[in-house]
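Okay, structure first, notes after.
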Amino acid sequence: LGRDDLALAAVALEYARIVERGERAPSKRMAEALGGSAGTWTNRVAEARRRGFLTDVPRGAAGGALTERAREVLGLVRT
């Protein structure tokens, strides 16, 4: 998995879906589903958030919604 905009927007989408389902440990769930460690996914989600693909939440809190920018990168909106 790369660190380009498309890859990180996809991470944001998967994270947002997991959070919407009410998972209390979304990075752990991503590690179980996609491989790697929970820490790796936490870092990827943080990078996705820094790049504007997820809305802000208080530090250490799970959550955040997919942003319009992420939807555009993923081709989920018509431009």
Side-chain angles (χ1 to χ4, degrees):
L1 184 63
R3 291 187 180 266
D4 62 5
D5 282 353
L6 182 58
L8 289 172
V11 166
L13 176 62
E14 183 62 18
Y15 180 84
R17 287 179 174 167
I18 291 170
V19 167
E20 285 174 6
R21 290 195 308 256
E23 294 285 345
R24 298 185 70 135
S27 292
K28 181 179 177 186
R29 184 69 58 217
M30 290 176 80
E32 291 169 356
L34 303 170
S37 71
T40 296
W41 291 109
T42 297
N43 291 337
R44 293 283 174 99
V45 168
E47 180 67 20
R49 198 178 306 279
R50 278 191 298 277
R51 292 211 200 164
F53 299 129
L54 285 167
T55 58
D56 288 332
V57 295
R59 183 168 174 83
L66 204 62
T67 64
E68 190 66 22
R69 178 169 186 245
R71 292 179 200 284
E72 288 173 5
V73 168
L74 293 167
L76 300 176
V77 294
R78 297 173 202 241
T79 55

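- Within the structure, the salt bridge (Lys or Arg N to Asp or Glu O under 4.0 Å) test picks out no pair touching residues 10-20 (sequence neighbours left out).
- Listed by chain and number, the residues in a side-chain contact (heavy atoms from CB on, under 4.5 Å) with Ala62 are Tyr15, Pro26 (sequence neighbours excluded).
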Taking distance alone, no hydrogens or angles, what donor-acceptor pairs closer than 3.5 Å link side-chain atoms of residues 53-61 to residues at least two apart or in another chain?
unit_1, atom_1, unit_2, atom_2, d
Thr55, OG1, Ala65, N, 2.8

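- Closest approach of Ala38 to Ala31, counting heavy atoms only: N-CB, 3.6 Å.
- Between Ala9 and Val73, the shortest heavy-atom contact is CB-CG1, 3.8 Å.
- For residues 29-40, the side-chain hydrogen bond (donor to acceptor under 3.5 Å, both in side chains) pairs, not counting sequence neighbours, are Glu23-Arg29, Arg29-Glu32, Ser37-Thr40.
- For Arg71, there are no salt bridge (Lys or Arg N to Asp or Glu O under 4.0 Å) partners, not counting sequence neighbours.
- Remark: Glu47 pairs with Leu8, Arg50, Arg51 by the side-chain contact (heavy atoms from CB on, under 4.5 Å) rule, at least two apart or across chains.
- Remark: Ser27 engages Thr42 in a side-chain hydrogen bond (donor to acceptor under 3.5 Å, both in side chains) (not counting sequence neighbours).
- Residue Arg21 places its CZ atom among more than 12 non-hydrogen atoms of other residues, nucleotides or ligands, all under 6.0 Å distant.
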